[in-house]
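This report refers to the structure that appears directly beneath it.
As a basis for the values below, the full set of heavy atoms in this structure was taken, side chains included, without hydrogen atoms, waters or symmetry mates. Just follow the structure's listing: the first ligand is 1, and inside any ligand the first atom is 1.
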Amino acid sequence: MRNKIVAGNWKMNKLYSEAVELVDEITIQLKDDPKADDIIKIIIPAFPYIRKVVRHSHGVKNLFTGAQNCASEESGAYTGEVSAAMIKSLEANYVIVGHSERRSYYKENHLDLKKKVNACLEQSLTPIFCVGETKEIRQSNKHYEVVAEQISESLFHLSAAEFEKLVLAYEPVWAIGTGLTATSAQAQEMHHFIRSMIEKNYGKDAAHKVSILYGGSCNAKNATELFACPDVDGGLIGGASLVPKDFITIIHSFPK
Ligand code: PGA
């Protein structure tokens, strides 16, 4: 059985006091929610709030903390960067690598992302590796090609044992923060394609083990339909993860 995962990417939102209030509300609800126990839940706040979220997550079953990015270098004179080792030292467990906002606004390329994945694995952090196509790419029918390149260029240097440690997220760029969700058919199609790629390169075992999340305007209303797809193992949630009630509803949206 693959892990079912709901990860909340808070992006650059919330002041400290608001973040504390948000994590408080989420953890209070989850503590008393045996239905959510078996789902892996990950809160991914901005760097300065990681330690606080880690502390709050103690005592909630399967609740973990992540970072939204990490440096590609190990340590040294890289002003403004945060290393994988630093994230690990805060007791976070996950790192988003290759989010489309990083790829487009900060020009992160395949090689940068490959180095970030390596840096995470070296620290026993789980990368949540994001892939996805823009609207123009989908319209020109090159979405499979682009996603295949994102995966092969940044990840296929890994051994099968390393690859199995990853979480992948398919996030069509045209669906992120736009209110436009991929249909469940579009999500399933791409998730199936990604899983077949993994199978071709690493074999059935690895393909069956790696969780592939959907992200892009996934919310309390559409999560049930998306999570019902056989190759969708959960969600990477932006906007809706800032609303405790919606985040919890999404966690409850897996098929029984
Ligand atoms: P969204 O963001 O849910 O607000 O579309 C998802 C993401 O960027 O991870």
### Message
Using only atom types and a distance under 3.5 Å, with no angle test, would you say the side chain of S154 pairs donor to acceptor with the backbone of I151?
### Response
no

The answer for which part of A175 has a heavy atom under 4.0 Å from ligand 1 is backbone

of all protein heavy atoms, closest to atom 7 (C) of ligand 1 is E171 OE2, 3.2 Å

Near G216 (heavy-atom distance under 4.0 Å), the atoms of ligand 1 are 5 (O)

Any side-chain donor near an acceptor of the partner, Y214 and Q186, under 3.5 Å:
no

Requested in this report: Specify whether F193 and Y144 have parallel, tilted or perpendicular ring planes, treating 30° as the upper limit for parallel and 60° as the lower limit for perpendicular.
Outcome: tilted

Checklist entry - Looking at ligand 1, does any of its N/O atoms fall within less than 3.5 Å of an N/O of T178? => result no

Exercise for review: Answer yes or no for G215: is there a heavy-atom contact with ligand 1 below 4.0 Å?
Suggested key: no

Margin query: I'd like to know if E101 pairs up with K11 as an ion pair, taking the criterion as any Lys NZ or Arg NE/NH1/NH2 lying under 4.0 Å from an Asp or Glu carboxylate oxygen.
Written below: yes

Item to complete: Before signing off on this row, confirm whether G239 and ligand 1 have an N or O atom pair separated by under 3.5 Å.
Response: yes

Review point. Just distances here: any N/O of G177 and N/O of ligand 1 closer than 3.5 Å?
Key: yes

Residue set satisfying side-chain contact (heavy atoms from CB on, under 4.5 Å) with Y16, at least two apart, ordered chain then number -> V20, Y49, K52

Under 4.0 Å between heavy atoms, the region of N9 that gets near ligand 1 turns out to be side chain

Looking only at distances, please establish whether an N/O atom of ligand 1 is found under 3.5 Å from an N/O atom of G238. yes

>> Distance alone, cut at 3.5 Å: any donor-acceptor contact between the side chains of W174 and E136?
In response: no

Atoms of ligand 1 under 4.0 Å from any heavy atom of H99, numbered from 1 in the order shown, are 7 (C), 8 (O), 9 (O)

Residues pairing under side chain to side chain donor-acceptor pair (under 3.5 Å) where one sits in residues 233-255, two or more places apart or in two chains, turn out to be R2-D233, D33-H252, R195-D233

